[in-house]
Each structure stands twice: as C-alpha cells, then as structure tokens.
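Okay, structure first, notes after.
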Amino acid sequence: MSGALFGATALSEPGAGSDFSSIRTSAQKVEGGWRLNGEKGWITNAGIADLFITYVQTDASAGWRGIACFLVDARREGFARGEAYALMGAHAIGAGGFALRDYFAPDDDMLAPPGEAFKLAMKGVNGARVYVAAMCAGLLASALETALGYAAGREAFGKSLLEHQGLNWSLGDVANDLEALRGLVAHAGGLIDRGEDAVMAAAHAKKFAGRVTLPRLADCVQAMGAAGLREEYGLHRHIAYAKLGAYTDGSTEMMNERIGAGLLKSYGPAK
Ligand SMILES: Cc1cc2nc3c(=O)[nH]c(=O)nc-3n(C[C@H](O)[C@H](O)[C@H](O)COP(=O)(O)OP(=O)(O)OC[C@H]3O[C@@H](n4cnc5c(N)ncnc54)[C@H](O)[C@@H]3O)c2cc1C
C-alpha cells in the first residue's frame, strides 16, 4: 500500500489471449519448487511492476486443469522485461511483456495449484469487466460534458448548436446510452458487492460498453465540428481507451459467447 512495489497480473501471451486455456508458458517441477519458461504479452504495468501474478501450464495435455498460478518476482534471476508497447494511446498503462528463462519459483510462491488457478482467474474477471464498463461510462460522461460545453457556446445559422434539433437529439442519444450503461454497471456491481452471481450481468455491462462507447464518443466529436479533433479536448485519448476496453478482461465477442451460453438458463422458459 505504500506504493514501494507495483503488481501486475499475467494471463495473456503473444500466442494466447481470448483462449486463455491455451497458454504455453510452462512450469516444470524440480526439487523445492518449479522451473518456469515462456513469454507473457499484453500485461498492464509490465513496464514497471515488481511482482507478477503469473499463470503457467504445468501439463500441456491437461488444458485448463493444468494451469497453475505463481508469484513471479521481477527482481530475480531468469526474469527479462520487455519494452512497453508503442500503442495508439493508453500509454499510462505501460502494457508490455516479459520472458521467463529457467526462472526458479520456490514451492511457497505457488498461489494456486493446477485445477484451482483457472477458477481463480475466472473469479476475479467479473469485477474487472464491470470496472472496464464503468471506465467506459466515465469516458462517455466526460466526452458528453465537453461536447455540450462547446455546442452551447457556439452559434451557427443564428442560434447555438444545441438549439438545432438534429444535433441536440444526437447528444440526447449519447446521454441515453450513458444512462443505460450506468444502470448495467450499477446492477452488476451491486450483485458483486452482495456476493451474488454476476456472470451474466458483468458480461451484459461489458458488452454494452463495447457496443456503444466508441460510436457515441464519435458523436461527441462530430457535434464539435472540426474543433472536436483538437488535442486540447482530449477526445482522441477517450477513443483510444474505448477501443482498448473492447479487449481487456474479455473482448466484446467473448461477452457474446458468455451471454449466449447463459441465454436459456437466464431467459428461457421456467422448467
Ligand atoms: C492495453 C491492454 C492491456 C492488457 N492488460 C492485460 C493484463 O494486465 N493481463 C493480461 O493477462 N492480459 C492483458 N491484456 C490482454 C487482453 O486480455 C487480450 O487482448 C484479450 O484477452 C484478447 O486477446 P487477443 O488480443 O490475443 O485477441 P485474440 O484472442 O487473438 O482475438 C482476436 C479477435 O478475435 C476475436 N475472437 C477470438 N476468439 C473468438 C471466438 N471464439 N469467437 C468470435 N471471436 C473471437 C476476439 O474477440 C478478437 O476480436 C491487455 C490487453 C490490452 C489491449
């Protein structure tokens, strides 16, 4: 909590993202611990973190059941940090990768054994999905405020931009999606707070965020005319973050998979 050490969570690899159970970073049992080898990619804070909660495969033939989770200390031998990626935005996240080459993890550093680690990762993911959806609501609220401030003060054809119904309604649509997104976030967050099943609710919130954030941000930019493109308004950063949010903690397509898998149970006829 003092901020002396930074942490990160490493599931993804250069060759495995959505399909988490296909990770290749391996852990081999040796005396007193495990020998870790492989590469992780697209890890938030990889550029600066000291400690990585790292998911590895202990038995390639076992699929998700073979995955274990270790605490990896970047200051130890066998850890090689990569450069943070040059992205279209979101530089503060410092996403990047690292390699493990014969990294020795003592038995005590295993945080979750094979069979449990995959479930552990899935347990935390609902909260992360709601958090990303909430971030998208924040992006939309900020962009709408910026666009409204600009449009209220600029005149065209003898009245303020906001007094033109076409533009006013377009920003009304932004507010409408923003309120719907806030509602989905609050509902899913409430379920998590109460320790109830939030799988579908979190997927709905994140999917909706993935669907509306980018086009509604574009509506805000459009409402400002060419001025919306100016860096000083920061809307380009919002757009980059919205795109990023469509991948992190499960892509929009993975939310479709999740919702699709739960359709019958959640909305089908009562048995
Ligand atoms: C900025 C940033 C930070 C990140 N931070 C972390 C982190 O801290 N820790 C971590 O472990 N990971 C992190 N990730 C990785 C993130 O979890 C992955 O990007 C995500 O899981 C998607 O994997 P991928 O990018 O490899 O895409 P892929 O899995 O290669 O998928 C490519 C495209 O195909 C689609 N697709 C894949 N499978 C299917 C299917 N069955 N049906 C339909 N469509 C499909 C995907 O939705 C996507 O659009 C981060 C990513 C970004 C961009």
Side-chain angles (χ1 to χ4, degrees), residues 5-27 36 38-57 63-64 67-72 74 79 81-100 111-112 117-136 138-139 199 202-211 213-215 236-263:
L5 293 177
F6 285 90
T9 304
L11 293 82
S12 304
E13 301 184 351
S18 307
D19 186 7
F20 167 46
S21 61
S22 71
I23 56 169
R24 296 243 176 103
T25 298
S26 65
L36 274 46
E39 214 178 310
K40 290 290 175 186
W42 290 102
I43 310 304
T44 298
N45 277 344
I48 55 156
D50 305 282
L51 298 170
F52 290 81
I53 296 172
T54 305
Y55 290 81
V56 299
Q57 182 54 269
W64 69 266
I67 294 176
C69 176
F70 287 89
L71 187 70
V72 165
F79 181 98
R81 196 188 303 274
E83 290 281 311
Y85 306 137
L87 302 176
M88 63 163 79
H91 302 111
I93 277 181
F98 63 89
L100 298 172
L111 300 176
F118 189 87
K119 291 185 210 160
L120 178 74
M122 292 303 116
K123 208 170 147 192
V125 87
N126 292 324
R129 285 172 183 171
V130 179
Y131 151 76
V132 173
M135 180 188 87
C136 289
L139 294 174
V199 172
H204 277 304
K206 186 158 195 298
K207 176 185 167 161
F208 191 70
R211 216 173 74 199
T213 310
L214 209 50
H236 61 299
R237 282 196 299 273
H238 289 20
I239 285 172
Y241 267 97
K243 198 62 221 152
L244 176 160
Y247 303 119
T248 50
D249 301 297
S251 66
T252 310
E253 291 77 11
M254 290 299 105
M255 297 308 103
N256 284 338
E257 290 274 307
R258 190 63 264 165
I259 293 167
L263 275 182

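One-based numbering, in listed order, for ligands and for the atoms of each. Note that these values count all heavy atoms, side chains included, but never hydrogens, waters or copies made by symmetry.
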Inset, instruction - For the pair Lys40 (side chain) and Leu11 (backbone), establish whether a donor and an acceptor sit closer than 3.5 Å, ignoring hydrogens and angles. - result: yes

Legend entry - Output field: ring centroids Tyr85/Trp42 closer than 6.0 Å: yes

Legend entry - Under 3.5 Å: donor-acceptor pair, side chain of Glu39, backbone of Gly97: no

Legend entry - Short side-chain to backbone donor-acceptor contact, Lys206 and Asn126, under 3.5 Å: no

Legend entry - Shell of residues surrounding ligand 1, defined by a 4.0 angstrom heavy-atom cut-off that is strict: Thr9, Ala10, Leu11, Ser12, Gly17, Ser18, Trp42, Ile43, Thr44, Leu244, Tyr247, Thr248, Ser251, Glu253, Met254

Legend entry - Flag if over 12 foreign heavy atoms under 6.0 Å of OH, Tyr131: no

Legend entry - N/O donor-acceptor pair under 3.5 Å between Arg81 side chain and Ala46 backbone: yes

